[in-house]
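See below for the structure under consideration.
Labels below follow one simple rule: chain letters A, B, ... track the order of the sequence lines, proteins then strands, and each chain is numbered from 1.
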Amino acid sequence: MSKTLVEKIWDAHVVKSEEGFPDILYIDTHLIHEVTSPQAFDGLRKRGLPVLRPKQTVATADHNVPTLNQLLPIKEELSRYQVDMLTKNCAEFGIELYGLGHPFQGIVHVIGPELGITLPGKTMVCGDSHTSTHGAFGAIAFGIGTSQVEQVFATQCLLQSKPKTMKIEVNGELGQGVGAKDIILYIIAQISAAGGTGYFIEYAGSAIEALSMEARMTICNMSIEMGARGGLIAPDQTTFDYIKGREFAPAGEEWDKALAYWKTLYSDADAKFDSVLTFDAADIAPMITYGTNPGMGMGIQEYIPATGAQPEKEKLSYQKALDYMGFDDDSSLIGKPVDYVFIGSCTNSRIEDLREVADFVKDKRKADNVTVWIVPGSKQVEQQAKNEGLDKIFEAAGFQLREPGCSACLGMNEDKIPAGKYCVSTSNRNFEGRQGQNARTLLASPLTAAAAAVTGKITDVREMLTPNP
Amino acid sequence: MKKFTKLTSAVVPLNIENIDTDQIIPARFLKATTREGFGENLFRDWRYENDNQPKADFVLNNPTYSGQILVAGKNFGCGSSREHAAWAIQDAGFDAVISSFFADIFKGNALNNGLLPIQVSEEFLAQIFKAVDNNAKSALEVDLENQTVTIVETGAQESFEINPYKKSCLINGYDDIDFILNQKQLIEEFEQAR
């Protein structure tokens, strides 16, 4: 019988399937961090259980770590306690930890792929909704709650109902200045912040196939922002080339065996999806959000939709969002002054993002009214940026290159945007207060963020690029 | 896990759509390493001014409304997977949340803690809000066994869906770990067969 990619991977991991019950799904890799794991470890202690497969579990500290002076003890007491707790728990339960100071430390969804832990065909979970990032390799990867973290610790399995499948095809060529972040913000704006709920999404089409692995991760990362459990992309030569030679990737005979399996991981030509959507890459402009959920996005030259044009029962929530942002409906954002620019998060903090920004800001300087933070996704990304001299370019531009972590994406550490200030952010959520109490977030691509940093206002980056020959 | 069978209670109405888990419990309160005490920061930034004074116009600060059922607009619990959101709602005294649509992860987290997420139609949700508008003490009756929710005053009733396995977990107070551990041998067999 023909199957979708999700079905192929799912079926290969079902320990037991019984009518009237969720499937018992085997989990290959469990990623953990300091914020959503302590209560799960506590649960194990209360039950007197070990971590069943500690070797299939990898830990890092990312959500609640400072991005300056990481080698000093963490100043804030609660944060220090939480990070110390992770260290203690990992030692007690035999889990490998890439904590602060370790050369592999970084945002959990950045280090998995760069270390070759993320592989096609795997099932992967983490107590973090952006676990969908790993789907870029053709893995089933999704975020879970802390009770489920405890389940995976105790059993290496999860009780899960098989998700519905959706295919989103993006075909054609992207315009200049338009990238993966714009594709995903465009899709979410089209189908809304709840448009993918209940689904696992497979991204396909020529525009997706043309993307690098890092760009594919940006796409899959934001699947949750339309409510989807996860998103994935069939592995291809781009995937295999990326994985080969990485720290924990299979090598030698193991590689040949793995590669042969990976090559079977695609949706059969006549496989049935529960829903199929198709978009044209040429329709996508640099995107920016104007509201308080990621579905409230538009092409940068467009006008904020009129409140009057919203469905009756949604008008109140819509207007509340615009009031929070301090924006008028039916108006343009072009030229709007910006206070902060944040380039980072599991969506856009990889070396290609930093290279793209550096390439754009070379010989330019940030506007005086803007504070710019660049927070690399991992120690390895940070090191690579320095090896390539990107740090010098950022310094000359007045951008501050900090140390790795989730940082201002969720403002759990001290990297917060002050109340009322506008931040163009390459992260994934523009919820009220997400980046700090009463902070106002505008989601955009690294290029659009860099353009705002240089001009000090919302800018169509295409006007600053040398036209393609 | 806390058991759930039947509940009759007034409701706290929050007629806002796309309430994300960052609103339910902001990230800066996720530093605790236990499950308790999140209730006091439930909807923190909607509920309190920056100087910690309660905002009079927020429903949780309005003594007119009380009860163990939170009623909210569609796509409730979207965003971050933080289970702290379910803990916070439960810790603040709620046993059920009603909406016309729930985000997946939140729904799972709620069920794993004995907090019942009840998905009703847009029309029925509007009826509940209207009933509460007319009479703040208007009560709902939730019957998990029969999977119904009833507006007591009007008698209007709707059935809701719930996975039969999850339903039995709630009624009996057992959780997924108990369920899987009882079949641990299957896991080892699966691993050996790969």
Side-chain angles (χ1 to χ4, degrees), chain A residues 15-16 20-22 24 26 35-36 38-39 42-43 47 49 52 63-64 76 78-79 81-82 85 127-129 131 143-148 150-151 154-159 161 193-194 197-198 224-225 227 229 292-293 295 313-314 316-317 320 410-412 419 429 431-434 437-438, chain B residues 1 15-23 26-35 44-46 50 73-75 78-87 101-106 108-113 122 126 163-166 175-181 183-184 186-187 189-191 194:
Chain A
V15 172
K16 188 182 176 190
F21 292 89
I24 300 181
Y26 190 80
V35 176
T36 57
Q39 294 88 349
D42 258 359
R47 291 176 202 256
L49 292 171
L52 186 68
H63 279 64
N64 193 12
E76 213 254 331
L78 279 176
S79 302
Y81 185 76
Q82 195 173 49
M85 186 71 101
D128 185 280
S129 60
T131 308
I144 56 176
T146 298
S147 294
Q148 292 171 306
E150 189 182 335
Q151 264 179 63
T155 68
Q156 204 58 36
C157 288
L158 272 181
L159 279 181
S161 299
T197 305
I224 183 70
E225 307 313 334
R229 284 311 308 270
T292 56
N293 73 58
K313 60 180 175 43
E314 290 170 25
L316 201 71
S317 299
K320 183 174 175 287
L410 83 165
M412 233 189 125
R429 288 187 174 136
F431 298 150
E432 283 183 34
R434 171 82 179 178
Q437 281 175 276
N438 295 106
Chain B
M1 195 179 71
N15 195 357
I16 299 171
E17 303 191 333
N18 298 312
I19 296 177
D20 58 78
T21 52
D22 274 83
Q23 304 320 311
R28 63 186 186 280
F29 300 111
L30 306 186
K31 296 179 184 184
T33 51
T34 62
R35 289 175 181 240
R44 179 78 202 191
D45 294 336
W46 286 353
N50 288 357
K74 79 168 178 205
N75 200 24
C78 58
S80 158
S81 60
R82 60 189 70 167
E83 193 161 315
H84 312 66
W87 300 336
F101 200 81
F102 287 95
D104 279 338
I105 303 180
F106 175 82
N109 288 341
L111 287 167
N112 284 337
N113 286 279
E122 289 284 351
N163 177 291
Y165 161 74
K166 276 296 174 191
D175 66 21
D176 289 357
I177 299 182
D178 304 326
F179 182 85
I180 305 178
L181 276 181
Q183 310 176 71
K184 204 172 155 194
L186 289 177
I187 301 168
E189 285 168 11
F190 175 87
E191 286 177 328
R194 298 184 92 193

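- Between the Thr155(A) side chain and the Ile180(B) main chain, no donor and acceptor come within less than 3.5 Å of each other.
- Contact of Phe29(B) with chain A is not made at all, since no heavy-atom distance falls under 4.5 Å.
- Using a 4.5 Å cut-off between heavy atoms, Asp45(B) touches chain A through its side chain atoms alone.
- A distance of 7.5 Å separates OG1 in Thr131(A) from CD1 in Ile105(B), rounded to the nearest 0.5 Å.
- Heavy atoms of Asp176(B) lying under 4.5 Å from chain A belong to its backbone as well as its side chain.
- With sequence neighbours left out, the side-chain contact (heavy atoms from CB on, under 4.5 Å) criterion links Pro38(A) to Met85(A), Thr33(B).
- Proximity to chain A is limited to the side chain of Phe190(B), based on heavy atoms less than 4.5 angstrom apart.
- Heavy-atom distances place the side chain of Asn163(B), and not its backbone, under 4.5 Å from chain A.
- The OG atom of Ser81(B) sits 9.0 Å away from the CD atom of Gln148(A) when rounded to the nearest 0.5 Å.
- Contacts of Phe102(B) with chain A are made by backbone atoms alone, with heavy-atom separations under 4.5 Å and no side-chain atom involved.
- Side-chain contact between Arg35(B) and Ser147(A): present, with at least one pair of heavy atoms (C-beta onward) separated by less than 4.5 Å.
- For Leu410(A), the parts lying under 4.5 angstrom from a heavy atom of chain B are both the backbone and the side chain.
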